[in-house]
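Convention: sequence-line order gives letters A, B, ...; per-chain numbering from 1. Keep in mind the model is a prediction, meaning the values are calculated, not measured.
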2 protein chains.
Amino acid sequence: MMLGVLGGMGPLASADFMRQLTLLTQAERDQDHVPALLWSDPRVPDRTAARLGKGEDPLPMLLQGIRGIEAAGCNAVAIPCNTAHGWFDAMQAATKLPILHIVDAAREELDRLGVEDGPIGLMGTAGTLAMGLYQGRIGRECLVPEPALMESHVSPGIALVKANRVHDAYAPLAEAARILRNRGARAVVLGCTEIPLGIAAGEAMEFPVVDTVAALARAAIRHMGFTAA
Amino acid sequence: MMLGVLGGMGPLASADFMRQLTLLTQAERDQDHVPALLWSDPRVPDRTAARLGKGEDPLPMLLQGIRGIEAAGCNAVAIPCNTAHGWFDAMQAATKLPILHIVDAAREELDRLGVEDGPIGLMGTAGTLAMGLYQGRIGRECLVPEPALMESHVSPGIALVKANRVHDAYAPLAEAARILRNRGARAVVLGCTEIPLGIAAGEAMEFPVVDTVAALARAAIRHMGFTAA
């Protein structure tokens, strides 16, 4: 009984997923924690570039990771990368293992946080927003950053995290979240697994945010039959 | 080309190893990072109990992890658990993959930090200290905590990290490190991968400490042909 984690997208988000999977499990000793295999191959071609029709298809490498996870004897898959969920159906069609969907985990987290009805803010990569990954499935109206704000704040903030510069990433990402809040968002979903790492590097937001890394970790803990703390 | 990480001992230390592996690599984008497979099975029987002759042998489960890492096509192994290195020779004999030794990584870190000649302090599990894992191989005189200090501070501090209580772990672990410093240690080696997690949860030590998680990450980055930041 082992959770397969298809990661490396980016690698810091994968490490944070493993950390949250541990910290969010009720445990007193090593043996109380969720057995997990992290397949962290950062060489997967850029998901956003592919989604926008400007880059190599990541699907073959995603499926290679799924094959490795299957071969190791895992019995479920979690993918701590929102944009990679653009290939969710193709991955799910290629394996009998259940793949947890990060948008479902985010929806459950909105419920857990008791976020009242109304629009939510949605931050993510240009790829995630363009394909409408959240819109519809999350069951809420989604307020997304204007293209100018994506270019000036969100996309550079994500890139800074991928370059290990989490402290520099805080200001642009936090400002973008506040702009969505001021437009009427009840909560802001951090729909790219790099964004919570930047947002965590400074002062806490003064409104509810959904960390999709933590949300997916909680979903995985429940799915594996453990108790979330 | 992929690094195999035999982890889960404990799982928080494994997650921290993956984080340090990422943060300590010179990188601008996902694709610049070290591909890695983390086999995190926290069900490995307690290494210290086994070492002290009071618990189940962990070797069969350690070898199961090594087999999984081999099957995935990895070409080197890092084990972010000091006490598990008590079975290093048996693991190395069972695989053709090179296994990086955490004590060698700690020795390199002492050199990198420019720690002057003289005795070093050594903290670790009772198992690590009893088997003399560091003594000899590290090439320095090792000052270890007295048994009473192990029982009152070091062992409880390690257990608190394994129970996800890193903030509570700080005081006992930091005090034990200061006692070794006051006995004349030039630096203190945190020779259990849980200890740096506790020490990082409070004020920084006012003398050099060797984080064996970070030291092993640096050794792995170099071994894999990447550049450490």
Side-chain angles (χ1 to χ4, degrees), chain A residues 1-3 5 7-47 58 61 64-65 67-69 71-74 81 158-166 194 197 217 229, chain B residues 1-3 5 7-47 58 61 64-65 67-69 71-74 81 158-166 194 197 217 229:
Chain A
M1 198 261 318
M2 206 168 194
L3 174 69
V5 183
M9 307 173 281
L12 200 57
S14 297
D16 192 50
F17 177 84
M18 297 305 293
R19 191 179 69 89
Q20 304 255 28
L21 184 72
T22 306
L23 290 178
L24 295 175
T25 299
Q26 270 189 15
E28 288 298 324
R29 50 188 198 126
D30 287 356
Q31 292 75 14
D32 297 337
H33 287 279
V34 180
L37 177 91
L38 167 62
W39 184 281
S40 179
D41 195 336
R43 293 168 299 189
V44 175
D46 187 278
R47 283 72 60 198
M61 282 205 65
Q64 189 183 318
R67 289 283 101 75
I69 284 168
C74 295
C81 171
I158 293 169
L160 284 165
V161 174
K162 288 184 185 289
N164 289 340
R165 294 171 58 191
V166 290
E194 269 69 39
L197 296 166
Chain B
M1 199 261 317
M2 206 169 193
L3 173 70
V5 183
M9 308 174 280
L12 200 57
S14 296
D16 192 50
F17 178 83
M18 298 305 293
R19 190 179 70 89
Q20 303 254 29
L21 184 71
T22 306
L23 290 178
L24 295 175
T25 299
Q26 270 188 13
E28 289 298 324
R29 50 189 199 124
D30 288 356
Q31 292 75 16
D32 298 336
H33 287 279
V34 180
L37 177 91
L38 167 63
W39 185 280
S40 179
D41 194 337
R43 292 169 299 188
V44 176
D46 187 278
R47 284 71 61 198
M61 281 204 66
Q64 191 184 315
R67 289 284 99 76
I69 285 169
C74 296
C81 171
I158 293 168
L160 285 165
V161 174
K162 287 183 185 290
N164 289 340
R165 294 170 57 191
V166 291
E194 269 69 38
L197 297 165

Return yes if some donor-acceptor pair links the side-chain N/O of B:Asp30 with the main-chain N/O of A:Asp46 below 3.5 Å, else return no.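 Between the backbone of A:Asp46 and the side chain of B:Asp30 there is no qualifying donor-acceptor contact (under 3.5 Å).
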
A:Val44 backbone acceptor or donor facing B:Gln31 side chain under 3.5 Å: yes

Below 4.5 Å, heavy-atom pairs only: which of [options] has the largest tally toward chain A?
options: B:Ala15, B:Ala71, B:Ser14; value: B:Ala15
options: B:Gly10, B:Gly65, B:Gly68; value: B:Gly10
options: B:Leu160, B:Leu38, B:Leu12, B:Leu3; value: B:Leu38
options: B:Asp32, B:Asp16, B:Val166, B:Leu37; value: B:Leu37

Minimum side-chain heavy-atom gap A:Met1-B:Arg43 below 4.5 Å: yes

If you define the side chain from C-beta out and look only at heavy atoms, does anything of B:Met2 sit under 4.5 Å from A:Asp41?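 Yes, side chains in contact.
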
Could you report the tightest heavy-atom contact between A:Pro35 and B:Pro42, atom names first, then the distance? CA-CD, 3.5 Å

Please report the closest heavy-atom contact between B:Asn164 and A:Thr25, naming both atoms and the distance. ND2-O, 3.2 Å

Distance, nearest 0.5 Å, that separates [atom1] of [X] from [atom2] of [Y]:
X: B:Ser40; Y: A:Met18; atom1: OG; atom2: CE; answer: 4.5 Å
X: B:Lys162; Y: A:His33; atom1: NZ; atom2: NE2; answer: 8.5 Å
X: A:Arg19; Y: B:Leu197; atom1: CZ; atom2: CG; answer: 10.0 Å

Name the region of A:Val34, side chain, backbone, both or neither, that has any atom closer than 4.5 Å to a heavy atom of chain B. backbone

Cut-off 4.5 Å, heavy atoms of chain B, and the answer for A:Val161 is neither

